[in-house]
Number of protein chains: 2
Amino acid sequence: MHSTAEENYIKAIYKLSGNGANAVSTTGLSDMLATKPASVSDMLRKLSAKDLVHYVKYHGVQLTEEGQRVALKIIRKHRLWEVFLVQKLNFTWDEVHEVAEQMEHVKSELLVQRLDEFLGHPRVDPHGDPIPTEAGELPEMEQRALASLEVEQKGVVCRVKDSQPAFLQYLNRVGIQIGTQLQVVDKIPYDNSLEISINKNKSVILSSDVLEKIFVINP
Amino acid sequence: MHSTAEENYIKAIYKLSGNGANAVSTTGLSDMLATKPASVSDMLRKLSAKDLVHYVKYHGVQLTEEGQRVALKIIRKHRLWEVFLVQKLNFTWDEVHEVAEQMEHVKSELLVQRLDEFLGHPRVDPHGDPIPTEAGELPEMEQRALASLEVEQKGVVCRVKDSQPAFLQYLNRVGIQIGTQLQVVDKIPYDNSLEISINKNKSVILSSDVLEKIFVINP
DNA sequence: ATAAAAGTTTAGGTTTGTCTAAATTAAATT
DNA sequence: AATTTAATTTAGACAAACCTAAACTTTTAT
């Protein structure tokens, strides 16, 4: 089995690489994991010896097939637990990440299967992120960043790509959640921010940073 | 916060001491935790420095008040998760211990509160062990070991004091679970085993080892 | 009461995962 | 193309939690 530390590295590599596609840098990982680059080098040697990553010194890492399988299993567990916390224990979407971060490391195949069943095989977690299937598939849905909408265009929020409580609490304050109807009212070319009407109700101005993290369907 | 290793020592001390009453020996702990006595000495020094135990070299340990509070919190979490696994995820009573052993270390006050609520504030876990309350009370019920019943006496199984899968699977085979009605048919003085009728149905002979681990009410 | 046995602790070592500081390699700039 | 800068790796240390072997207490038994 893999240690919690190893699992966290694998998850970080997976996320930084854009779902396993590209190679990832040592500093990128040290930033994401809040460790020093030297520690990352150490761990990459170790993961490489276990054939979980392809590692070429000074040229970054990529997950092996096995590494990707492991990554998807952890992410599956993380997202299933998030669904559990929100749907069954009435957590809010800004409270779940930290707890799921711990639960994802519990080792039991049976537990994951039964949890999935208990939750009714959910397809997405409370942030709209897709849940990898038991077979290791990660079905990506059609969706676009709110930043890409033009004036007048509409969309329904289906995903937010940032699980930090501060960001999610900001969205709560603004009134944005999964399922919220949005429409672009105006574009401010100066900084690429957009004025967005929320549920045909009030309207707010969202910075381009925020716009890149909110995803919508039916554009 | 306390590490998983520290929590496991605290739990072991609590259990070996008979819920905190008596002092516990180094070898007792090393047996229970499957470590060497030398490792136990190290850890006891550490726990003592944190004021979680009273430790007098060569004369055993006891939990401090704080240590007991910590122990009860861990046991509360362990038993709540066991209830969850059995009642919500359809685990059998012999499958839950190992998984709960991992889940008990997840740190989140909110999680424990909400889980307790979700489960309807259960009083006992799937083995009949009482669940410490949020306030740190451990309500012990009236019950006696099956070994103490005389011929003809009846009882209803309310608790089994051994969570090892092998033991629980043995009980499954014999047909004993929580709620099962038993009656002592005969006593074999040679080895203190008893012939027990199960649900007024078949009858089996149980060794005194086993009889000490099964608890009943309505004697 | 003393010697042997049993239990416990200390000393010194290992592994995992981290760190700092120094050395090395790659990338960017002139 | 050479040199500066940035990124990365190696070397050497450290804390946690474990180990073995040796030393020390306590208990037990003669």
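What you are looking at is a predicted structure, and each value in this text was computed from that prediction instead of being measured. Numbers restart at 1 for each chain; the letters A, B, ... are given by sequence-line order, proteins then strands.
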Can you tell me if the side-chain N/O atoms of B:Y9 get under 4.0 Å from OP1 or OP2 in D:dC18? yes
Return yes when atom CD of A:Q164 has more than 12 non-hydrogen atoms of other residues, nucleotides or ligands closer than 6.0 Å, and no otherwise. no
Are A:V83 and A:P126 side-chain neighbours, meaning at least one heavy-atom pair lies under 4.5 Å? yes
Quick one: list whatever passes salt bridge (Lys or Arg N to Asp or Glu O under 4.0 Å) with [X], sequence neighbours left out.
X      : result
B:R76  : B:D116
A:D42  : A:R45
B:K107 : B:E7

I need the CE-C1' distance between A:M43 and C:dC19, as an integer number of Å. 14 Å
What residue pairs, at least two apart or across chains, pass salt bridge (Lys or Arg N to Asp or Glu O under 4.0 Å) with a residue in residues 81-103 of chain B? B:K11-B:E101
With side-chain contact (heavy atoms from CB on, under 4.5 Å) as the test, pick out the partner of B:P130 among B:E137, B:R123, B:R159. B:R159
Mind listing the residues from residues 98-105 of chain A sitting with a heavy atom below 4.0 Å of DNA chain D? Number order is fine. none
Quick one: sort the B:F118 and A:F84 rings into parallel, tilted or perpendicular, breaks at 30° and 60°. perpendicular
Given protein heavy atoms under 4.0 Å, the one-letter contact record of nucleotides 7-16 of chain D, with B base, S sugar-phosphate only and - none, is simply -BBB-----S
